[in-house]
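Because only heavy atoms are used, hydrogens play no part in the values below, and waters and symmetry mates are left out as well, while side chains stay in. This one's a predicted model, so the numbers in the text were calculated from it and none came from an experiment.
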Amino acid sequence: MGKVFSNFVSPLKYLFIWGYFSLTFGLFIWVLITSFKSNREIFSNPFGLPESFNIDNYIFALFDVNMVMYLLNSLIVAVATVLLCFVLGSTVSYALSRFEFKGNTFLYLLFIIGLTIPLQSLIYPMFFKMHTLGLRDTIFGIIIVYTALNLPKTVFLLVGFMKGIPKEMEEAAIIDGCNYWNVFSKVVIPMSKPVLATVGILVFIAAWNEYIFATVLISSDVTKTLPLGLASFQSSHLSEYGLIAAGVIISIIPVLIAYILFQEQIIKGMASGAVKG
């Protein structure tokens with residue numbers, strides 16, 4: 001019975017995977033092709049190739065509607081959030097995974113609870129706190145918020161990985177004269193590169209695409225991140241579908257580049273996590 005069920009489910013699993021991939025990739029290609037079209041071409045032949053692959057939509061999107069500024073703001077926010085999560089998350093995770101101290105389990109439990117809290121419930125407290133501290137409508141303020149939102153996920157993944165690192169390697173380093181900081185920086189961190197790459201991509205994408213908190217905390221045009229800029233761009237050019245498609249493609253490119261650069265480490269991190277799990 002189990003074998004029959006397995007033979008029935010296995011094709012459905014692959015059918016779902018390939019169907020999801022085809023739908024996602026097909027929509028991406030359609031948006032990419034649309035970004036090179038004029039409105040006349042879009043309405044006359046919405047699924048066909050453009051008459052000529054001109055980049056007028058991209059030039060207008062980048063230089064006439066502040067898209068470059070929005071891109072730069074999002075890049076600063078996303079990279080700073082990743083770096084802060086790396087520094088704070090790795091040090092906290094090393095302490096939680098290696099040292100026994102009073103409140104260790106409770107502290108780790110607090111981070112786990114942070115994964116379960118609905119983000120919508122934090123909007124008003126975050127707004128009030130940022131306003132009180134004078135950090136609302138600032139790049140630094142949004143970086144702090146994004147770091148706080150992504151730190152529980154970072155700690156959860158890093159603690160699980162660091163617990164799997166053999167303690168014998170650290171003990172050997174201590175015997176050779178290393179202190180705990182040297183063990184952390186020269187043994188644990190290099191061995192954690194795969195999971196750090198995975199965490200980095202997850203945090204980068206989360207910070208890059210975040211819209212709700214940015215809407216509440218950012219109001220001026222000079223501090224808008226890309227999701228906010230793209231939303232205002234769409235409302236200002238609602239009938240310019242080629243321009244909107246170009247803006248969407250521009251917002252996707254940095255994430256694709258980040259994944260391509262770190263895809264080997266991400267695959268290693270997922271594979272090692274699967275083996276340890």
I need the [X] [atom1] to [Y] [atom2] distance, nearest 0.5 Å.
| X | Y | atom1 | atom2 | answer |
| --- | --- | --- | --- | --- |
| F161 | L196 | CZ | CG | 8.0 Å |
| M67 | L243 | CE | CG | 9.0 Å |
| I249 | T34 | CD1 | OG1 | 9.0 Å |
| W18 | F25 | CH2 | CZ | 11.0 Å |
| I253 | L71 | CD1 | CG | 9.0 Å |
| I33 | I42 | CD1 | CD1 | 11.5 Å |

Tell me, do [X] and [Y] make a side-chain contact under 4.5 Å, heavy atoms counted?
| X | Y | value |
| --- | --- | --- |
| V203 | T147 | no |
| S185 | P190 | no |
| K167 | R98 | yes |
| L83 | V87 | no |

For the pair [X] (side chain) and [Y] (backbone), establish whether a donor and an acceptor sit closer than 3.5 Å, ignoring hydrogens and angles.
| X | Y | value |
| --- | --- | --- |
| S121 | I117 | no |
| N57 | A245 | no |
| K37 | N45 | yes |
| T116 | I113 | yes |
| E210 | A207 | no |
| T138 | L135 | yes |

Hphob cluster co-occupancy, [X] + [Y], side-chain heavy atoms under 4.5 angstrom:
| X | Y | answer |
| --- | --- | --- |
| L226 | I212 | no |
| L72 | W208 | no |
| V255 | L27 | no |
| L230 | Y211 | no |
| I142 | I123 | yes |

[X] and [Y]: which non-hydrogen atoms are nearest, and at how many Å?
| X | Y | value |
| --- | --- | --- |
| G141 | M130 | O-SD, 3.8 Å |
| N73 | V222 | ND2-O, 2.9 Å |
| C85 | T154 | O-CG2, 3.6 Å |
| I165 | S192 | CD1-OG, 3.7 Å |
| M126 | A148 | CE-CB, 4.4 Å |
| M162 | V188 | CE-CG1, 3.9 Å |

Residues in side-chain contact (heavy atoms from CB on, under 4.5 Å) contact with [X], at least two apart in sequence or another chain:
| X | answer |
| --- | --- |
| F47 | W30 |
| A80 | I143 |
| S22 | none |
| I59 | I55, F63 |

Check this for me: [X], atom [atom1], are more than 12 non-hydrogen atoms of other residues, nucleotides or ligands nearer than 6.0 Å?
| X | atom1 | answer |
| --- | --- | --- |
| Y20 | OH | no |
| Y108 | OH | yes |
| L133 | CG | yes |

Residues which pass side-chain hydrogen bond (donor to acceptor under 3.5 Å, both in side chains) with [X], listed by chain and number, not counting sequence neighbours:
| X | result |
| --- | --- |
| S35 | Y58 |
| N150 | K153 |
| D56 | none |
| R136 | none |

Between F213 and Y146, is the ring centre distance below 6.0 Å?
->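 Ring centroids of F213 and Y146 are no less than 6.0 Å from each other.
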Quick one: which residue pairs count as a ring-ring contact (aromatic ring centres under 6.0 Å, His included) with a foot in residues 119-144, not counting sequence neighbours?
->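 Sorted result for residues 119-144: empty, none.
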Please collect all ring-ring contact (aromatic ring centres under 6.0 Å, His included) contacts where either partner lies in residues 68-93, sequence neighbours excluded, each pair once.
->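 Sorted result for residues 68-93: empty, none.
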Sort and list the pairs that fulfil side chain to side chain donor-acceptor pair (under 3.5 Å) and have at least one residue in residues 80-97, not counting sequence neighbours.
->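 Counting only pairs at least two positions apart or across chains, the side chain to side chain donor-acceptor pair (under 3.5 Å) contacts touching residues 80-97 are Y94-E170.
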Yes or no on side chain to side chain contact (heavy atoms under 4.5 Å, CB included) for M69 and D221, after CA distance, side-chain angles and deciding distance?
-> CA-CA 9 Å; M69 182 178 66; D221 195 60; 3.7 Å; yes
Can you sort out the partners of F53 under ring pair (Phe, Tyr, Trp, His ring centres under 6.0 Å), two or more places apart, ordered by chain and number?
->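 Applying ring pair (Phe, Tyr, Trp, His ring centres under 6.0 Å) to F53 gives F36.
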Are a donor atom and an acceptor atom from the side chains of T223 and D137 found within less than 3.5 Å of each other?
->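 Yes - a donor-acceptor pair under 3.5 Å links their side chains.
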